[in-house]
Amino acid sequence: MVSTKELFDILLEEFGPQNWWPGDSDFEIMVGAILTQNVNWSNVEKALDNMKKADSLNLEAVCEMEDEQLEALVRPTGFYRQKAARLKRLSRVILEKGGIKYFLKEDDLRELLLDVKGIGPETADSIALYAARIPTFVVDAYTKRIVERFYGYRGNYDDIKDFFQNSLPKDVDIYNEYHALLVKLGKTYCKKTDPRCGECPISYHCSY
DNA sequence: GGCCAGGTGTAAA
DNA sequence: TTTACACATGGC
């Protein structure tokens, strides 16, 4: 059985550093984390671009903007009414905590995020890891699918999260790169349907 | 045209 | 505790 550390080395060798999370600011990372919920990243880029052009990709603008206006900007990401509301809820909490810098330094950041309606474990972990740089492993649909196929192990969010955290150093840079590499592997060779197993770099060790 | 994409909340079985 | 469904746009 290939260890999680060995798997990481194989993926890094195969794909190289992914340089995640794309974004010019912590706020953009947080917005992207919500907008990418169950949606292709290319759609998120359109929405982020809309917000930048409207000079609205900042905390104050999101808090003050009309709901309908924000909905129009994030429309390309689908579920746009829900997502606009989620962005507003998060932004207001951040403002209450004194701004982005202070919010990201809260000791119980993950819990604060999970208390925001519309932010679940993956979005909370993405923000904690990529914006606050807290060592917490992010589990997404690709991660679950790859672990299920590769290791034959099926578990809930926290099971998979522990699976990695209990077998790796608690290190922000490793968690960062590992999640990005799993997404890269998933997109390239381990899609839900029509996986390209024949070309997959880890197929030799895979139970699928 | 049908399926999928870097989820979450709610309600029923 | 698990499963089903709504939420919605855009690419292939």
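Every chain is numbered from 1, with letters handed out A, B, ... down the list of sequences. Keep in mind that what you see is a predicted model, and the values were worked out from it rather than measured.
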Notebook entry, point to check: What closest approach, in Å, do A:F27 and A:N58 show between heavy atoms, and which atom pair accounts for it?
Noted result: CE2-C, 3.4 Å
Next item on the list: Work out which heavy atom in A:K170 is nearest to a heavy atom in A:P135; give both atom names and the distance.
Entry: NZ-O, 3.6 Å
Next item on the list: Please identify each residue that fulfils side-chain contact (heavy atoms from CB on, under 4.5 Å) with A:S167, with sequence neighbours left out.
Entry: A:T4
Item checked: Shortest side-chain distance from A:P121, nucleotide among B:dG9, B:dT8, C:dA8 -> B:dT8
Check: In whole angstrom, what separates A:H179's NE2 from B:dG6's C1'?
Finding: 5 Å
Note to self: Determine whether A:K144 and A:D140 satisfy the following criterion, salt bridge (charged side-chain N to carboxylate O under 4.0 Å, His left out), listing intermediate values before the conclusion.
What the structure shows: CA-CA 6 Å; A:K144 288 177 186 163; A:D140 67 349; over 6 Å; no
Item checked: Neighbours of DNA chain B within residues 141-158 of chain A, by heavy-atom distance under 4.0 Å -> A:A141, A:Y142, A:R145
Item checked: Aromatic contact, A:Y151 with A:F163 (centres under 6.0 Å) -> yes
Margin query: What is the distance, to the nearest angstrom, from the CG atom on A:D140 to the P atom on B:dA5?
Written below: 10 Å
Next item on the list: Compute the centroid of each ring, for A:F150 and then for A:Y208, and state whether the two points are separated by less than 6.0 Å.
Entry: no
Notebook entry, point to check: In whole angstrom, what separates A:L35's CG from B:dG6's P?
Noted result: 14 Å
Item checked: Name of the residue among A:W20, A:Y142, A:F137 meeting ring pair (Phe, Tyr, Trp, His ring centres under 6.0 Å) with A:Y178 -> A:F137
Next item on the list: Report the residue (A:K117 or A:W21) whose heavy-atom-nearest nucleotide on DNA chain B is the more 5′ of the two.
Entry: A:W21
Next item on the list: Describe the nucleic acid contact of A:I34 in one word from base, sugar-phosphate, nothing, applying a heavy-atom distance below 4.0 Å.
Entry: nothing
Next item on the list: Answer with base, sugar-phosphate or nothing: what part of the nucleic acid does A:E122 contact at a heavy-atom distance below 4.0 Å?
Entry: sugar-phosphate
Notebook entry, point to check: Between A:L181 (CG) and B:dG6 (P), how many Å, whole number?
Noted result: 15 Å
Item checked: Between C1' of B:dG6 and CH2 of A:W20, the distance in whole Å -> 5 Å
Check: Considering only the P atoms, how many Å lie between C:dC5 and B:dG6, rounded to the nearest integer?
Finding: 23 Å
Check: Looking only at side chains, do A:D125 and A:Y157 share a donor and an acceptor under 3.5 Å apart?
Finding: yes
Anything under 3.5 Å between a protein N or O and an N or O of nucleotides 9-12 of chain C, put it in a table, one pair a line.
residue: C:dT9; atom: OP1; partner: A:R75; partner atom: NH2; Å: 3.3
residue: C:dT9; atom: O2; partner: A:N43; partner atom: ND2; Å: 3.1
residue: C:dG10; atom: O4'; partner: A:N43; partner atom: ND2; Å: 3.0
residue: C:dG11; atom: OP1; partner: A:K46; partner atom: NZ; Å: 3.2

Notebook entry, point to check: Among B:dC4, B:dG9, B:dG7, which is the nearest nucleotide to the side chain of A:Q37?
Noted result: B:dG7
Checklist line | Whole angstrom value for the distance that separates C1' of C:dA8 from CD of A:Q82 | finding: 9 Å
Margin query: Nearest whole Å is fine: how far is B:dC3 C1' from A:N38 CG?
Written below: 12 Å
Check: Looking at B:dG6, B:dG7, B:dC3, which one has an atom nearest to any side-chain atom of A:K187?
Finding: B:dG6
Item checked: Whole angstrom value for the distance that separates P of B:dG7 from CD1 of A:I127 -> 14 Å
Next item on the list: Calculate, to the nearest 0.5 Å, the distance between atoms CD and CZ belonging to A:E148 and A:R154 respectively.
Entry: 4.5 Å
Checklist line | Distance-minimising heavy-atom pair for A:G32 and A:W21 | finding: C-CZ2, 3.9 Å
Checklist line | Distance between C1' atoms of B:dG1 and C:dG10 (Å, rounded) | finding: 14 Å
Next item on the list: Describe the nucleic acid contact of A:K191 in one word from base, sugar-phosphate, nothing, applying a heavy-atom distance below 4.0 Å.
Entry: nothing
